Peer 1: 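Structure in structure tokens, see below.
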Amino acid sequence: MNALTIRRLVVTLVGLTILAGGYYGMNWISSQKETPPERPVVKQLKTVSTRTVENGPIITTLDLQGQLQAYNKIALFAEVGGTIEETGRPFKVGTYFPQGSVLLRMDDQEARFNLQAQRATLLNSIARIMPDLKIDYPAAATNWEAYLTNLQMDSATPELPEVTDQSARLFIAGQNIYTQYYTIKSLEDRLAKYSLYAPFGGVLTSTSVDQGAVVRAGQQIGELMATGYFELVATVPLSQLDFLRVGAPVQLYSNDLDGEWSGEVKRIGDQIDVASQTVPVYIGVRGRNLREGMYLQGQAEAQEMQEVAEIDRDLLLNDNEVYVVENDSLLRLHPVDVRKINRETVIVGGLPDGAELLVSDPAGAYDGMKVRRAASNTATK
């Protein structure tokens with residue numbers, strides 16, 4: 001073994017000795033330190049908010065929306081023919097006509113002359129029988145003579161005198177007096193149709209004729225719509241129909257106009273829309289700024305429910321359960337009877353009075369979870 005090999009061997013042994021000494025030295029130093037005591041793990045309970053349930057009566061509401069339509073809206077037809085004359089108001093769309101005012105007037109001169117001719121014929125017929133009446137039926141002659149005096153060509157034909165004697169009645173009938181009289185009354189009724197009057201106050205929504213035009217009998221000349229009273233035609237789901245009743249008050253509003261209007265459920269339709277499974281509901285409403293075709297929204301007062309509570313919809317789990325806190329520390333799922341679902345709330349029964357309803361949303365909540373309950377509020381009835 002030469003000197004170089006001996007030197008390398010010595011260096012290796014020295015290095016191993018140093019490493020071994022360091023290893024055992026570190027273990028000795030570590031053994032001198034005291035082991036720190038283990039701290040017990042404290043489990044943090046989540047604090048939750050609750051609301052004390054108090055059941056009671058609740059007057060429910062039903063959301064409605066729909067379009068306004070005029071309650072009174074009629075098509076106008078001419079029953080007789082003639083030339084349209086000036087009335088003082090233009091027969092144009094948008095013109096307002098008060099109730100009883102003249103909507104349209106047609107030239108009635110020919111019909112008026114025909115009526116006067118028939119009155120003259122009646123006058124002559126009565127004058128011819130007067131001598132016979134005075135001789136054969138003097139008791140009836142006095143009334144017929146007075147009638148002859150009062151009969152005027154330009155005035156409405158008065159009612160014929162009453163004849164109690166059967167022989168006198170047959171004699172007068174044989175002279176066609178009654179036939180002529182009822183012919184005249186028919187012509188008077190026809191003459192009145194040359195002027196068309198507004199059956200209610202309203203505006204014209206359409207017209208098809210103008211001044212000077214010739215109208216034929218049976219022609220539609222326009223459409224009149226009342227402006228004072230409207231109906232809102234809303235649709236209600238079949239599942240919600242039992243909550244509604246005729247006569248229920250309704251509060252309506254528009255997204256385009258300020259203000260509110262009070263209405264009332266007037267009718268509930270019988271037919272069901274097959275596609276949407278809804279039923280039409282008609283709500284009467286009147287007020288300023290209302291116009292046909294407007295869209296309105298509102299709420300109708302529905303039936304009153306007993307022993308129920310109203311809660312937020314997001315508290316409902318699995319469609320029929322809610323969380324309650326028992327003994328101030330334990331979450332439990334409690335079944336409820338869902339009575340009515342609103343847009344943001346739900347009305348439920350089956351919760352006992354005094355139950356602590358969970359209203360907060362602790363992460364990871366589950367049935368049997370331990371919690372810490374904060375101060376509670378009273379549930380809305």
Side-chain angles (χ1 to χ4, degrees), residues 71-89 91 97-202 209 213-224 226:
Y71 181 75
N72 285 327
K73 188 175 184 180
I74 59 172
L76 303 174
F77 290 86
E79 295 186 71
V80 295
T83 304
I84 297 177
E85 296 181 339
E86 173 65 35
T87 62
R89 285 188 176 89
F91 196 74
F97 290 88
Q99 183 177 3
S101 61
V102 178
L103 288 169
L104 198 69
R105 181 180 289 118
M106 289 169 283
D107 180 19
D108 62 356
Q109 186 173 5
E110 180 181 355
R112 191 175 298 277
F113 287 159
N114 185 26
L115 174 60
Q116 290 174 342
Q118 293 296 325
R119 286 175 180 157
T121 301
L122 177 64
L123 181 64
N124 292 333
S125 297
I126 297 175
R128 282 198 311 268
I129 66 172
M130 285 306 300
D132 294 330
L133 286 177
K134 289 180 180 180
I135 297 173
D136 299 331
Y137 310 103
T142 303
N143 292 336
W144 282 93
E145 188 172 12
Y147 182 85
L148 194 62
T149 303
N150 294 327
L151 184 59
Q152 303 294 324
M153 296 299 100
D154 296 326
S155 301
T157 305
E159 187 176 353
L160 292 176
E162 183 179 358
V163 181
T164 57
D165 184 87
Q166 182 66 13
S167 298
R169 183 184 297 110
L170 292 175
F171 171 73
I172 295 171
Q175 305 302 314
N176 286 329
I177 301 298
Y178 292 110
T179 301
Q180 294 175 37
Y181 170 77
Y182 287 110
T183 299
I184 291 172
K185 299 306 288 185
S186 175
L187 292 174
E188 287 179 348
D189 184 65
R190 183 175 180 81
L191 181 63
K193 296 177 180 179
Y194 281 83
S195 294
L196 186 61
Y197 297 91
F200 48 80
V209 295
V214 177
V215 177
R216 67 182 184 275
Q219 177 181 346
Q220 182 172 353
I221 58 178
E223 189 177 60
L224 182 69

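These figures come from a predicted structure and were not determined experimentally.
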Peer 1: Check whether any side-chain N or O of Q99 sits under 3.5 Å from a backbone N or O of P199 as a donor-acceptor pair, and report yes or no.
Peer 2: yes
Peer 1: Per the ring pair (Phe, Tyr, Trp, His ring centres under 6.0 Å) rule, what does the pair list look like for residues 148-167, sequence neighbours excluded?
Peer 2: none
Peer 1: Could you grab the distance from atom CG of L160 to atom CD of Q180, nearest 0.5 Å is fine?
Peer 2: 10.0 Å
Peer 1: Partners of P138 by side-chain contact (heavy atoms from CB on, under 4.5 Å), sequence neighbours excluded?
Peer 2: none
Peer 1: To the nearest 0.5 Å, how far apart are CD1 in I129 and CG in N124?
Peer 2: 12.0 Å
Peer 1: Using the salt bridge (charged side-chain N to carboxylate O under 4.0 Å, His left out) rule, collect all pairs that involve residues 98-117, keeping only residues at least two apart or in two chains.
Peer 2: D108-R112
Peer 1: For residues 139-155, which residue pairs pass the side chain to side chain donor-acceptor pair (under 3.5 Å) check, not counting sequence neighbours?
Peer 2: Q116-D154
Peer 1: Nearest 0.5 Å please: distance from the OG atom of S186 over to the CG atom of L191.
Peer 2: 11.0 Å
Peer 1: Taking ring pair (Phe, Tyr, Trp, His ring centres under 6.0 Å) as the test, write out the residues that go with F97, two or more places apart.
Peer 2: none
Peer 1: To the nearest 0.5 angstrom, please state how far the CD1 atom of I184 sits from the CG atom of L122.
Peer 2: 4.5 Å
Peer 1: Please assess Q219 against V209 for the test side chain to side chain contact (heavy atoms under 4.5 Å, CB included), listing each intermediate value before the final yes or no.
Peer 2: CA-CA 10 Å; Q219 177 181 346; V209 295; 3.5 Å; yes
Peer 1: So which heavy atom on S125 is nearest to which on I177, and how close?
Peer 2: CB-CD1, 3.4 Å
Peer 1: Does a side-chain heavy-atom distance below 4.5 Å link L196 with I221?
Peer 2: yes
Peer 1: State, to 0.1 Å, how close A198 and P98 come at their nearest heavy-atom pair, and which atoms those are.
Peer 2: CB-O, 3.5 Å
Peer 1: Going by the rule side-chain contact (heavy atoms from CB on, under 4.5 Å), which residues pair with A141 if we only count those two or more places apart in sequence or in a different chain?
Peer 2: L133, K134
Peer 1: Who pairs with Q166 by side-chain hydrogen bond (donor to acceptor under 3.5 Å, both in side chains), at least two apart in sequence or on another chain?
Peer 2: R169
Peer 1: List the residues meeting side-chain hydrogen bond (donor to acceptor under 3.5 Å, both in side chains) with K185, not counting sequence neighbours, and say none if there are none.
Peer 2: E188
Peer 1: For M153 and L123, work out which heavy atoms get closest and say how close.
Peer 2: CE-CD2, 4.1 Å
Peer 1: Only counting residues at least two apart or in another chain, list the ones meeting side-chain hydrogen bond (donor to acceptor under 3.5 Å, both in side chains) with T83.
Peer 2: none
Peer 1: Is it true that atom CD of E86 has more than 12 heavy atoms of other residues, nucleotides or ligands lying nearer than 6.0 Å?
Peer 2: yes
Peer 1: Ignoring hydrogens, what is the shortest heavy-atom contact between M106 and A78? Give both atom names and the distance.
Peer 2: CE-CB, 4.5 Å
Peer 1: Can you tell me how far the CZ atom of F91 sits from the CD atom of E85, to the nearest 0.5 Å?
Peer 2: 14.5 Å
Peer 1: Any ring pair (Phe, Tyr, Trp, His ring centres under 6.0 Å) pairs touching residues 153-198, not counting sequence neighbours?
Peer 2: Y137-F171
Peer 1: What residue pairs, at least two apart or across chains, pass salt bridge (charged side-chain N to carboxylate O under 4.0 Å, His left out) with a residue in residues 189-200?
Peer 2: E79-K193, D189-K193
Peer 1: Who passes side-chain hydrogen bond (donor to acceptor under 3.5 Å, both in side chains) against Q118, sequence neighbours left out?
Peer 2: none
Peer 1: Let me confirm one number: the CG-CZ distance from L151 to R119, rounded to the nearest 0.5 Å.
Peer 2: 8.0 Å
Peer 1: Any side-chain heavy atom of T87 sitting closer than 4.5 Å to one from L104?
Peer 2: no
